[in-house]
Structure formats: C-alpha cells, structure tokens
Amino acid sequence: MRTLIKHALASTEPKDAVSVSAWVRSRRDAKGFSFLELNDGSCLTNLQAVVDSNVPGYEQIALLTTGASVIVEGRLVASPAAGQKWEIHATSLKMVGLADASYPLQKKGHSLEFLRTIAHLRPRSNLFGAVFRTRSRLAYAIHRFFQERDFVYVHTPIITASDCEGAGEMFRVTTFKEGSAPAPAVDFFGKPTFLTVSGQLEAETFASALSNVYTFGPTFRAENSNTSRHAAEFWMIEPEMAFCDLAGDMDLSEEFIKATARHALEDCAEDLGLFQKFVDKTLHERLAFVLERPFQRVAYTDALEILAKSGRTFEHPVQYGLNFQSEHERFLTEEHFRCPVTVFNYPREIKPFYMRLNDDGKTVAAMDVLVPGIGEVIGGSQREERLEVLEENMRLQKLQPEAYWWYLDLRRYGTVPHAGFGLGFERLLMFLTGVSNIRDVIPFARTPGNVEF
RNA sequence: UCCAAAGUAGCUCAAUGGUAGAGCACGCGGCUGUUAACCGUGUGGUUGUAGGUUCGAGUCCUACCUUUGGAGCCA
C-alpha cells in the first residue's frame, strides 16, 4: 500500500515495509548506490531514498533524472547523515515514467515568469506545491469558518441575465456560432446572458430565508486589467447575514481575516516557512500582527482628514466624493495605522445602489477592509432593506427596477436589515502567503490575452 | 487601456558599434553517505519579430509582439 511522504516523514519509529510513489527531484550517484530525492506533493520536504546497486530495478537508475516518476519499496530507517530524520532504504525500484532531457524544471531556482509559462508543470516546484497546498487548506478553513457559525453554503448561478450588477464588465454567454449576430431573443436563454460578476443579489434571497449564508465560487470580470492583483476568472467568498447591520458586518470580516491567518499559521506551517524564507521575510511578523491587534476602523470622512493632515503630497486629490486611490490606501494601512484598516460610511455617489443610505442622507453603510501590501481585500455593506429608498437609488443610478423585480420582492415580503461582504479568495491568499502576483496563487490564470492550459 | 523598463543557449545572466560567453541543465568520464553534491570534458545561438542607420548592429533608430513594474477599474 502506498505511503504518502508526509506520513513517512512524520513517522515516530522505523518501518519494515513502506512503498512510496513519487517524482524524482534529483539523483546523486555514489559508488555502488544512489540517492534519490523523492517528492509526491503531499508536503514540501523530500524523502531521500538510498538505492543500492543490487536492488532490483537499479539497472534503470541512469534513466531516473529529475521529473521521472518512480515507485520505491523499502525500509524506513533513521538517517545516519545530517539533513533528514528519515530515509528509505530501497528493496525495489520501479521506474514508472521517464522525463527526458527536455524536462524544463531544474533543481535550481526558476523565475516566477518562466514558471507561469509552464503552468502545467509548476505545481511540481517547491514554491507552487506550497502555494496550492495552502490554497486547498484555506478553502477548507473558509468552509469550516462559516459552517461552524451555522452559515448555509449557497451555490449561486454562474450564468446570469442581470447585465447591470454594477461590478464591472461582463463576459457574454451565447450558443451563437462565431461571426453570427442574431438577436439575443433567439439565443439559448432568449435574452442576453453573462458570466456572473457577483453572487450577492442571489445570496441576499437566501439570507432572507436561511438567515446566514455564504457563497464560495468562481467569478468573472471582463475588465482589461493588467495588474498583479486582477484576473478575469477568480474565486469569491460572499457571506450575507439577515438581521445584521454594518457593525456586525465589520465584526465578521475582521473575525474572518483573523481566522484564516490563524489557520494558515497553524495548519500550513511548513509551507508558510518556505514563503517566509523565499517570498516575504516579513510574513510571520505581519500575520502575527494581524492576529494580535484589532483592525482600525475609520469613517471615510475621518480617513480623508488623516490624509489631508498627513503632510504628504499625493498624486491624486484627497477630496470628499472621490474614491481612495492606491496611494491613499497604502498610506493608511502601511504608514499611518500599520495594520488592516476598515474604512466605512462612504459617500452615496461612489457606491452601488444596494448599499443602505445612512441617516445623514449623504453616506451609505459601506465598508472596505484594506490590508498592507494588497490594498482592498474585502468590500461590503449593509444592504438597503427599505423598498422606497432602494427604488430611488436605482432610479438615481439609471437602473430599471423591473429588471430586479425578484430582488425588490425581498423588500416587499418580510424585509429585514441585512449585510454582507465580498472577498477575493486569491487576494486573501496573496496576503497570507506573501506571493505578490495573483497569477501565482491561481492554478491556471486567465488574464487579458492569456487562456493557455 | 495609459506610463516606464526589459526581451541573448532549455534556465539565470554577461558581452566600448568590431570574432556571441559564463554558471546551471543535458551527454560522457572520474570521485564521494551524498543532500542546490563535487572535479574534468562535451553538446548547445536566425541575440523577440519586421524594417532602417552604418564599412560593420546583440548594442543605435522606428513599428509591432511578449513579459515585468506602476496607474486606472476593482475583488
């Protein structure tokens, strides 16, 4: 039976018979025997196999170059040399698949740019193995976070007919053949359809029945964004809570960030060690800081004042009614507060129609969580639960209420104050791993002009 | 999309306008409980693409392509 390397390495005693199936990371030949560094992706650390020349299969040793796949059976014993606690002394060696000289991954380091061009092979590298193990563990942690708090997981649709969700350019979905342009009325769905840019509106319907819900799924934006923080396809997490106001929303967002940071530190310690060493020397310090301190909460107008009084000259104006620019967010999180910052109560004009109008009549109950290094990682709000106010908002933003009849129904039948937020999973991963390009935390990145693999 | 920078061997990088090189990878030989093994040796190039300037272009100019960084949009 196959033993995963992570379990072999975690062994507390020698074992007479283990079988390891893995890929060769490197081979070192000695007189009469060879060392094989084996990795099966179950953990960062390799298992060293010692293969004596009289072991069945040794005649193929010269073929076992970096990248080849093998099955090694043998005894797990304490290693006499420094560098590893356990090693396997082979009793049989079986070559499964060769990797010829064109195998592009070397034992030495590669640039992230090069590895992106071989996205099908990069999970075999130390860094990307660590990134994608961490991604998996965090996805699990996120489900656990919500499930433990009695949130219901809702699968909101990928295909939508709402063409004005207000969250960015959308991809068209059609069954029309290339080059043809018939009317949407005779297309598959009988109207224009798109890939979702957010599951929020649908999530609100379920929150209005099941109280606390969340979505966690793929999301699409057709923006021509060429940055290290944007992808055309990404995964978004959107909790939505009934009978909840903005303060409760901010509480949950802070709790969420802290829980995922704690989980990463505890559950992905080995992989985080790699990130700390090779990607971001301040990673542990930053995560510990996030865990220890409450996030700073500052109203939009107060944040404006901090920026205005900073003595800094910013490239973009600091003025009521304008969104914060990257330089402003960076100043707040990286220089002024030096920790995650939650900015709330934004001017009504710069936020979407569904955000709840505050009593001042000028601001809405919106909040953005800004983190050092990444910028905005969470955007959320208390939703407008009053039918008349919501309809007025829609008219102000030139939206047609009829198109949102089902969304408005929530306000007609047993409306409740409710709130939620959206969070980009990849941006969270960037924050928790220190990896600075979104293309390196998603298995196969889709960006303008790039859909290979 | 805008601004800036960069594209040279499979990878990482050198090369005053004057004969394209090194390390690693890979091949061969040697040595060794090795561990990014080591020593010797060999293979490896339409210098991103297309034009232009020049006696001569990897090097200078123009356009395009790609990548990176920053900006906008946002998650």
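Each chain gets a letter, A, B and so on, in the order its sequence line appears, and its residues count up from 1.
- Remark: rU54(B) base-pairs with no nucleotide in the shown strands. Criterion, Watson-Crick or G-U wobble with two distances under 3.5 Å.
- Of the candidates rC11(B), rG27(B), rA71(B), rA71(B) carries the atom nearest the Ser326(A) side chain, counting heavy atoms from C-beta on.
- Note on Ser228(A): every side-chain N or O is 4.0 Å or more away from OP1 and OP2 of rG69(B).
- Atoms CZ (Arg27(A)) and C1' (rG27(B)) sit 12 Å apart, rounded to a whole Å.
- Contact check for Ile378(A) versus Ile257(A): side-chain heavy atoms found under the 4.5 Å cut-off.
- Atom CD1 in Ile438(A) sits about 10 Å away from atom C1' in rC74(B), given to the nearest Å.
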- Go through Phe146(A) and Tyr153(A) one step at a time and tell me if the ring pair (Phe, Tyr, Trp, His ring centres under 6.0 Å) criterion holds. CA-CA 8 Å; Phe146(A) 288 119; Tyr153(A) 181 30; 9.4 Å; no
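- Scanning both residues, Leu93(A) and Val55(A), for their nearest heavy atoms gives N-CG1, 3.9 Å.
- Checking rA71(B), rA75(B), rU68(B) against the side-chain heavy atoms of Arg116(A) singles out rU68(B) as nearest.
- At the heavy-atom level, His230(A) lies under 4.0 Å from base atoms of the strands shown.
- Not one side-chain nitrogen or oxygen of Arg25(A) sits closer than 4.0 Å to the OP1 or OP2 atom of rA36(B).
- For rA75(B), neither phosphate oxygen OP1 nor OP2 lies less than 4.0 angstrom from any side-chain nitrogen or oxygen of Arg427(A).
- Between Phe35(A) and rG33(B), no base-stacking contact is recorded for ring centres under 5.5 Å apart and planes less than 30° from parallel.
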